[in-house]
Number of protein chains: 2
Amino acid sequence: MRLNDLDERIVHALAEDARRSYADIGAMIGLSAPAVKRRVDRLRAEGAITGFTVRVDPAALGWETEGFIEIYCSRNTSPEAIKRGLARYPEIASASTVTGEADAIVQVFAADMRHFEQVLERIAGEPYVERTKSVLVLSPLLRRYAAGPPDGPDPEPSEAAAPR
Amino acid sequence: MRLNDLDERIVHALAEDARRSYADIGAMIGLSAPAVKRRVDRLRAEGAITGFTVRVDPAALGWETEGFIEIYCSRNTSPEAIKRGLARYPEIASASTVTGEADAIVQVFAADMRHFEQVLERIAGEPYVERTKSVLVLSPLLRRYAAGPPDGPDPEPSEAAAPR
DNA sequence: TATGAAAACATCCAACG
DNA sequence: CGTTGGATGTTTTCATA
């Protein structure tokens with residue numbers, strides 16, 4: 001797979017505003033709308049672009065408390081098992097297995113401290129979780145691209161999803 | 001500002017695919033297309049939705065190495081100073097000040113380990129940084145919403161931004 | 001292999017009920 | 001909030017380099 005300069009500029013234009021029309025993007029980079037669409041289609045087929053998503057202000061949606069939870073798992077817990085276990089939490093925005101002492105780092109958005117604590121306790125109670133260590137976000141400094149996913153649409157555990 | 005169930009479902013539908021048509025979203029939640037658009041417009045005006053962006057596979061774009069860097073700052077370093085200092089790094093995808101021992105957690109995407117090390121060393125060399133602690137991401141498990149930004153358009157990956 | 005032009009189709013969106 | 005219809009965007013087809 002080869003990404004040339006035009007592809008990069010298309011991705012860049014979409015990163016700024018994913019709902020821009022192909023004609024607009026084409027005008028920005030000197031291509032016609034169909035040409036842009038063909039490249040976007042190719043980028044999606046190749047997996048370079050994995051989707052389009054909305055940028056939300058968690059606080060405006062009532063998710064005012066953000067934190068990171070490090071998870072320490074019992075041995076022989078596969079990444080897939082962790083993923084399946086965590087996918088049920090709508091409060092989890094991202095999760096990754098990592099090097100170092102912890103096995104995974106999970107980013108959580110909760111309505112408030114009480115809600116955050118509930119999520120933390122539920123995660124800590126998962127059978128494969130031995131212990132956790134968490135920090136709260138004081139203030140977000142930078143938020144740029146959305147990375148990933150390989151992530152199926154909508155785990156949707158329902159409930160607990162309507163703060164405020 | 002009040003978000004009801006319909007608004008949440010709209011945001012959810014857009015989080016899955018921000019280029020879905022208003023008619024499709026309307027069909028999902030039992031509303032007409034114009035009604036959906038009016039709500040999306042209102043959510044944008046209120047700041048709940050801050051934009052639309054593309055989801056990229058960093059590896060496909062040549063950014064194969066991801067990690068988190070905890071930053072321990074010298075005293076009396078303001079969050080604004082940290083933000084200004086970090087904003088110059090195109091490799092930083094997100095950064096937040098946090099509770100606990102570290103002052104900030106920074107998410108970094110680099111082309112490879114060598115590039116990651118360079119970024120780490122440059123950050124560690126910032127005048128306000130006393131020490132750092134970093135972990136590498138082994139595998140991303142979940143990637144959902146894009147949070148934020150308050151972040152001007154175009155961090156401009158510029159140079160250093162074309163691996164492969 | 002990649003492009004632009006054009007046509008058919010779908011979506012958007014302001015005005016109205 | 002739903003419906004309408006003109007404007008706009010999308011996507012396929014086709015011809016060209």
Side-chain angles (χ1 to χ4, degrees), chain A residues 1-57 60-62 145-146 149 153-154 158 161-164, chain B residues 1-57 59-62 145-146 153-154 157 161-164:
Chain A
M1 175 190 329
R2 210 25 216 104
L3 292 191
N4 64 20
D5 183 56
L6 285 172
D7 294 322
E8 298 231 2
R9 293 171 71 186
I10 290 173
V11 171
H12 199 254
L14 287 171
E16 275 181 19
D17 180 3
R19 290 193 71 113
R20 259 203 264 259
S21 74
Y22 295 131
D24 281 355
I25 298 169
M28 295 169 75
I29 66 176
L31 235 47
S32 69
V36 174
K37 182 195 185 298
R38 276 190 290 261
R39 280 173 180 268
V40 172
D41 287 345
R42 201 197 71 229
L43 289 168
R44 295 197 66 158
E46 285 169 345
I49 290 177
T50 59
F52 302 94
T53 191
V54 65
R55 259 181 223 273
V56 299
D57 175 0
L61 290 167
Y145 294 83
D154 208 5
S158 69
R164 303 223 146 158
Chain B
M1 173 190 327
R2 196 50 200 92
L3 291 191
N4 63 22
D5 183 57
L6 254 31
D7 293 322
E8 297 231 2
R9 293 171 71 186
I10 289 173
V11 170
H12 200 254
L14 286 171
E16 277 181 17
D17 180 2
R19 289 193 75 112
R20 253 202 268 259
S21 73
Y22 294 129
D24 281 355
I25 298 168
M28 295 170 74
I29 67 176
L31 235 48
S32 70
V36 173
K37 184 196 184 296
R38 279 192 285 261
R39 280 171 181 267
V40 171
D41 287 345
R42 201 196 71 227
L43 290 168
R44 295 199 67 158
E46 285 169 346
I49 289 177
T50 59
F52 301 93
T53 190
V54 65
R55 261 181 220 272
V56 299
D57 175 1
L61 289 167
Y145 296 81
D154 207 6
R164 317 221 136 160

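Since we're looking at a predicted model, the values are computed, not measured. Below, chains carry the letters A, B, ... as their sequence lines are ordered, and counting in each starts from 1.
Taken to the nearest 0.5 Å, the CD atom of Glu8(A) stands 11.5 Å off from the CD1 atom of Ile29(A). Atom OH of Tyr22(B) is separated from atom CD1 of Ile10(B) by 9.5 Å, given to the nearest 0.5 angstrom. To the nearest 0.5 Å, atoms CG (Leu6(A)) and NE2 (His12(A)) are separated by 14.5 Å. The distance from atom OG of Ser21(B) to atom NZ of Lys37(B), rounded to the nearest 0.5 Å, is 13.5 Å. The CZ atom of Phe52(A) sits 5.0 Å away from atom CZ of Arg44(A), with the distance rounded to the nearest 0.5 Å.
Rounded to 10 degrees, the angle between the two end axes of the helix from dT1(C)-dA17(D) to dG17(C)-dC1(D) is 30°, with five pairs used at each end.
Between the P atom of dT1(C) and the CZ atom of Arg42(A) lies a distance of 12 Å, rounded to the nearest Å. Per the geometry, CG belonging to Leu31(A) stands 17 Å off C1' belonging to dG9(D), to the nearest Å.
Side-chain atoms of Arg19(B) come within 3.5 Å of backbone N or O of Ala18(A) as a donor-acceptor pair. Between the side chain of Thr50(B) and the backbone N or O of Asp57(A), no donor-acceptor pair lies under 3.5 Å.
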Nucleotides 15-17 of chain D: which of its N/O atoms have a protein N/O under 3.5 Å away?
none

Base versus backbone protein contacts along nucleotides 5-17 of chain C [heavy-atom cut-off under 4.0 Å; B, S, -]: BB----SSSB---
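Within the 4.5 Å cutoff, the side chain of Val11(A) has heavy atoms near those of the Ile49(A) side chain. Looking at Val40(A) and Leu14(A), their side chains come closer than 4.5 Å, going by heavy atoms from C-beta outward.
Of all heavy-atom pairs spanning Arg39(B) and Asp7(B), the tightest one is NH1-OD1, 3.0 Å.
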